[in-house]
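Here is the structure we will look at.
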Amino acid sequence: MKAMITTVVAAVAMLPSFASADSYQVAIDGMMRASYRHMELTYACRHVTGPSQFSNARVAADNAVRATGIPTDMAMATVEKMASRIRAAPRWKARPSLTECTTGVARTKQELLRWRRQFRRSQQ
């Protein structure tokens with residue numbers, strides 16, 4: 001009986017760590033999706049905003065991936081894979097307008113920053 005109570009107490013004590021692990025993974029997934037969307041839109045808007053915005057989005061994605069603890073070379077390879085997918089099959093068939101680009105790029109950047117803050121909170 002004592003062994004069963006100890007097992008139940010140990011299992012209950014582990015529950016918060018599972019919940020925090022889930023929020024940690026959710027934050028990582030959100031950060032990766034936001035990085036991809038931001039890169040995707042800056043690539044589609046390169047005719048309006050210039051190629052430097054796409055380069056900045058790649059750097060932001062590199063930093064987001066490295067923040068998860070992945071080594072730099074693997075992070076860069078991951079972002080390069082994302083960029084090659086975006087170049088190979090662009091989601092935007094028509095060129096977005098200036099308004100769509102400026103508001104969209106600002107929105108996706110803020111989304112990435114929001115997920116990054118959530119990731120940092122989940123680490124604590």
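Computed from a predicted model, the values in this text were never measured in an experiment. Along the sequence shown, residues carry numbers from 1. The figures here come from the full heavy-atom set of this structure, side chains too, leaving out hydrogens, waters and symmetry mates.
Distance OG/S55 to CZ/R46: 11.5 Å, rounded to 0.5 Å. Considering CZ of R116 and CZ of F119, their distance stands at 8.5 Å, rounded to 0.5 Å. Separating the CD1 atom in I86 from the CZ atom in F54 is a distance of 5.5 Å, to the nearest 0.5 Å. We find the CE-CG distance between M39 and N56 to be 12.0 Å, quoted to the nearest 0.5 Å. To the nearest 0.5 angstrom, Y43 atom OH is 16.0 Å from H38 atom NE2. One distance of note links OG1 of T102 with CD of E100; it measures 9.5 Å at 0.5 Å rounding.
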Which pairs would a plain distance check flag for residues 75-82, meaning a side-chain donor or acceptor within less than 3.5 Å of a matching protein atom at least two apart in sequence or in another chain?
| from | atom 1 | to | atom 2 | distance (Å) |
| --- | --- | --- | --- | --- |
| T78 | OG1 | M74 | O | 2.8 |
| E80 | OE1 | R58 | NH1 | 3.1 |
| E80 | OE1 | R58 | NH2 | 2.8 |

Side chains of residues 64-73: which donor-acceptor pairs under 3.5 Å do they make with residues two or more places apart or in other chains?
| from | atom 1 | to | atom 2 | distance (Å) |
| --- | --- | --- | --- | --- |
| R66 | NH2 | N63 | OD1 | 2.7 |
| T68 | OG1 | V65 | O | 2.5 |

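R114 places none of its side-chain heavy atoms less than 4.5 Å from the side chain of Q118. For the pair I28/W115, no side-chain contact is recorded, criterion being any heavy-atom separation below 4.5 Å from C-beta on. Contact of the P96 side chain with the H47 side chain is registered, since non-hydrogen atoms from C-beta on lie closer than 4.5 Å.
Taken together through direct or relayed side-chain contacts under 4.5 Å among Ile, Leu, Val, Met, Phe, Trp and Tyr, M31 and Y24 form part of one hydrophobic cluster.
G104 and L41 make their closest contact through C-CD2, 3.0 Å (heavy atoms, listed as atom of the first residue, atom of the second, distance).
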